[in-house]
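Structure first, commentary second.
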Amino acid sequence: MNKKVYIETYGCQMNVADSEVVVSILSKAGFVQTENIKDAGLILINTCSIRDNAEQRIWGRLNAISHLKKQKNDLKIGIIGCMAERLKEKLIETQHLVDIVVGPDAYRELPLLVSEAEAGHKAVNVLLSREETYADISPVRMDKNGVSSFVSIMRGCNNMCAYCVVPYVRGAERSRYPESVLEEAKELFEMGYREVTLLGQNVDSYNWVSNNEIVGFPELLEKVAMIDPGLRVRFSTSHPKDISDSLLTTISRYNNICKHIHLPAQSGSSRILNLMNREYTREWYMDRVNSIRTLIPGCSLSTDMITGFCTETEEDHKESLSLMEWAGFDFAYMFKYNERPGTKAARKYKDDVPETIKSERLSEMIALQNKLSIKSKKSDIGMVFDVLIEGFSKRSVEYLSGRTSQNKVVVFPADDFKKGDYIKVLIERCTAATLIGRSV
Ligand code: 5AD
Ligand code: SF4
């Protein structure tokens, strides 16, 4: 078989981290990665199911590559990840060009499944696991900059948010052995990386229990931060119901733990939050934000918001807007509610907010967030930030680009600096997306 594998990744950062594990597993079985889809003997598409449009993109992509299969009849195509888990055998039944279907917990079986496909059988493994964390697998880094990388610390999710497909496609929550996280982060630092992002669906509920030790997320974060003061640590995603003052105190104590928290609110209406099964109220969310502001001065805050969830009224929507305004989010991802088959909301509630209203509310939300994002950037003008350089700016090689601890992108004249350096930058102006300054 042509043992060149081409992998394409859709969806969240967790999928990016998973693709790195997949390449590592396959390389042990003799595969080499190729960047050129036409050279590949095996094409893998790591998929996302979070909203229907994520899946539509993947169907479109499959269509677009179908001609390759006609050109090379020994080419094998595999669908892996969340959509593989959700649709299982149906994927093969509806798409004849798919040979392999593998869910997020079955990647160790990939070499075997590829051999089965080679032998002319369709190969499927979508078993979810209670234990699999791929702790012992050293991911093959695919990031482009060599400065920042992801480290997965847990898998799955035990929160049953009514709208969300994740618990069904990624299974129950399990935490990864802390030593393996530390080793991976140390290794990255030794390779020259200067930033790691610890990933999990709900990092606040990270919990490793062994005979003589319990490690929660604050302890894990601290251990990673102590590897070296020159290694920045980020994490995502936090859940408002679980984010504790103990975590916030840990963040405040270490200069290299980044001062940015992604804390998805989803809605500003307690009634909607209850229907969503988020297990907190508007007041609870506001209390957590107040704690962040008190314990970590200068911390930036971002959110995910869903608009048009079942039964959402104009009043509920206004509450979402007012929460956003009150919190002054630096950044937000905003989505129209999209019913996902099998979720609690799909089974129990009617998707009753008309599409036009969802769109109107989303536009209003985006307009508000644009205003807040600009305000957040303008407030940085005149201040000096520690910036970790990630590479040249997109527009010009005379400028470098990096990030502040608060996760804002900064562009400044390149001088003799290079990626991986930390420098102090005075912010002089900003655009809608970027801070612009000079080193001081
Ligand atoms: N419809 C719209 N947005 C969703 N999200 C998750 N499920 C859905 C859905 N069914 C959003 C949430 C989550 C982010 C990753 O995607 O805001 O935080
Ligand atoms: Fe990530 Fe969720 Fe999409 Fe899976 S369904 S790729 S976990 S966002």
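All residue numbers refer to positions in the sequence shown, counting from 1. Keep in mind that what you see is a predicted model, and the values were worked out from it rather than measured. No hydrogens, no waters, no symmetry mates; every other heavy atom, side chains included, goes into these values.
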Less than 4.5 Å apart, any side-chain heavy atom of N158 and any of P167?
-> no
So the ring-ring contact (aromatic ring centres under 6.0 Å, His included) pairs with at least one residue in residues 231-259 (sequence neighbours excluded) are F217-F235, H239-Y280
Report the residues that fulfil side chain to side chain contact (heavy atoms under 4.5 Å, CB included) with E93, sequence neighbours left out, ordered by chain and then residue number.
-> E89, K90
Before accepting this row, confirm whether a basic side-chain N of the pair E312/R361 lies closer than 4.0 Å to the acidic partner's carboxylate O.
-> yes
Going by atom types only, do T250 and R253 share a side-chain donor-acceptor pair under 3.5 Å?
-> no
Are E195 and S149 close enough that a side-chain donor and a side-chain acceptor fall under 3.5 Å?
-> no
With the threshold set at 4.0 Å, does a side-chain nitrogen-carboxylate oxygen contact exist between R86 and E55?
-> yes
Would you please say whether a donor-acceptor pair under 3.5 Å links the side chains of D242 and N202?
-> yes
Mind jotting down which residue pairs meet the salt bridge (Lys or Arg N to Asp or Glu O under 4.0 Å) criterion with at least one end in residues 368-377? Sequence neighbours excluded, please.
-> E325-K371
Can you tell me how far NZ of K186 sits from CD of E190, rounded to the nearest 0.5 angstrom?
-> 8.0 Å
Could R57 and D52 be called an ion pair, given the rule that one side-chain N must be under 4.0 Å from one carboxylate O?
-> no
With sequence neighbours left out, what residues match E355 under salt bridge (Lys or Arg N to Asp or Glu O under 4.0 Å)?
-> K336
Between C299 and I261, is any pair of side-chain heavy atoms under 4.5 Å apart?
-> yes
Tell me, with the steps shown, if D18 and R155 meet side chain to side chain contact (heavy atoms under 4.5 Å, CB included).
-> CA-CA 10 Å; D18 278 4; R155 300 182 71 80; 2.9 Å; yes
Which pairs, with at least one residue in residues 31-69 and sequence neighbours excluded, count as a ring-ring contact (aromatic ring centres under 6.0 Å, His included)?
-> none
Take R174 and E132 through the salt bridge (Lys or Arg N to Asp or Glu O under 4.0 Å) test and state the conclusion after the steps.
-> CA-CA 8 Å; R174 63 225 102 118; E132 183 62 272; over 6 Å; no
Strictly by modelled atom types, are E109 and Y107 linked by a side-chain donor-acceptor pair under 3.5 Å?
-> no
Cationic N near anionic O, under 4.0 Å, R170 to D105 = no
Which is it for R234 and L198 under the side chain to side chain contact (heavy atoms under 4.5 Å, CB included) test, yes or no, and what are the steps along the way?
-> CA-CA 6 Å; R234 299 187 184 277; L198 308 181; over 6 Å; no
Carefully, step by step, assess S401 and V409 under the rule side chain to side chain contact (heavy atoms under 4.5 Å, CB included).
-> CA-CA 7 Å; S401 164; V409 176; 3.7 Å; yes
Might you confirm whether atom CG of N255 has over 12 heavy atoms from other residues, nucleotides or ligands at distances under 6.0 Å?
-> no
With a 4.5 Å limit on heavy-atom distance, are the side chains of I272 and T311 in contact?
-> yes
Does any N or O in the side chain of K419 come within less than 3.5 Å of the main-chain N or O of G402, such that one atom is a donor and the other an acceptor?
-> no
Can you tell if the side chain of D351 reaches within under 4.5 Å of the side chain of K358, non-hydrogen atoms only?
-> yes
R61 and S66 side chains, donor-acceptor separation under 3.5 Å | no
Partner set under salt bridge (Lys or Arg N to Asp or Glu O under 4.0 Å) for D204, not counting sequence neighbours | none
Any chance you could measure M83, atom CE, to K88, atom NZ, to the nearest 0.5 Å?
-> 13.0 Å
State plainly whether the residues R347 and E339 are in salt-bridge range, i.e. N to O under 4.0 Å.
-> no
Sequence neighbours left out, cut at 3.5 Å: what donor-acceptor pairs do the side chains of residues 302-309 make with other protein atoms?
from	atom 1	to	atom 2	distance (Å)
S302	OG	H260	NE2	2.9
S302	OG	H262	ND1	2.7
T303	OG1	A265	N	2.9
D304	OD1	H262	NE2	3.0

Side-chain donor-acceptor pair present, S19, N46, cut-off under 3.5 Å = yes
pair L182-V224: side-chain heavy atoms closer than 4.5 Å = yes
Tell me, which pairs form a ring-ring contact (aromatic ring centres under 6.0 Å, His included) where one or both residues lie in residues 160-184, sequence neighbours left out?
-> Y177-W208
Sub-3.5 Å donor-acceptor pair from the side chain of N36 to the main-chain atoms of K38, do we have one?
-> yes
Below 4.5 Å, heavy atoms only, C-beta onward: do V203 and I153 meet side chain to side chain?
-> yes
Quick one: is the NZ or CZ of R194 closer than 6.0 Å to the six-membered ring centre of F189, and within 45° of its axis?
-> yes
Taking NZ, NE, NH1 and NH2 as the nitrogens, is one of them in R141 or E20 under 4.0 Å from a carboxylate oxygen of the other?
-> yes
Which value, rounded to the nearest 0.5 Å, describes the distance between L91 atom CG and H96 atom NE2?
-> 12.0 Å
If you measure from CD on Q266 to OH on Y337, what distance do you get to the nearest 0.5 Å?
-> 12.5 Å
Given D330 and S300, is the side chain to side chain donor-acceptor pair (under 3.5 Å) satisfied, shown in steps?
-> CA-CA 6 Å; D330 300 274; S300 66; 4.5 Å; no
Determine whether C258 and Q406 make a side-chain contact, defined as any pair of heavy atoms from C-beta on separated by less than 4.5 Å.
-> no
Step by step, work out the side chain to side chain contact (heavy atoms under 4.5 Å, CB included) result for V23 and L26.
-> CA-CA 5 Å; V23 171; L26 285 171; 5.8 Å; no
With sequence neighbours excluded, what pairs up with D143 under the side-chain hydrogen bond (donor to acceptor under 3.5 Å, both in side chains) test?
-> Y193
Side-chain contact test, heavy atoms from C-beta onward, threshold under 4.5 Å: evaluate it for I65 versus I45 and give yes or no.
-> yes
Only one of L44, L68, L42, L97 passes side-chain contact (heavy atoms from CB on, under 4.5 Å) with I77; say which it is.
-> L97
So, Y6 side chain and Q33 main chain: donor-acceptor pair closer than 3.5 Å or not?
-> no
Can you list the steps and then say if S205 with E173 is a side chain to side chain donor-acceptor pair (under 3.5 Å)?
-> CA-CA 9 Å; S205 64; E173 182 183 290; 2.9 Å; yes
Listed by chain and number, what are the side-chain hydrogen bond (donor to acceptor under 3.5 Å, both in side chains) partners of N256, not counting sequence neighbours?
-> none
From I37 atom CD1 to I7 atom CD1, the distance as rounded to the nearest 0.5 Å = 11.5 Å
Who passes side-chain hydrogen bond (donor to acceptor under 3.5 Å, both in side chains) against R403, sequence neighbours left out?
-> E390, N407
Are the side chain of T249 and the backbone of D245 linked by a donor-acceptor contact shorter than 3.5 Å?
-> yes
Sorted by first residue and then second, give each salt bridge (Lys or Arg N to Asp or Glu O under 4.0 Å) pair with at least one member in residues 254-281; sequence neighbours left out.
-> R271-D316
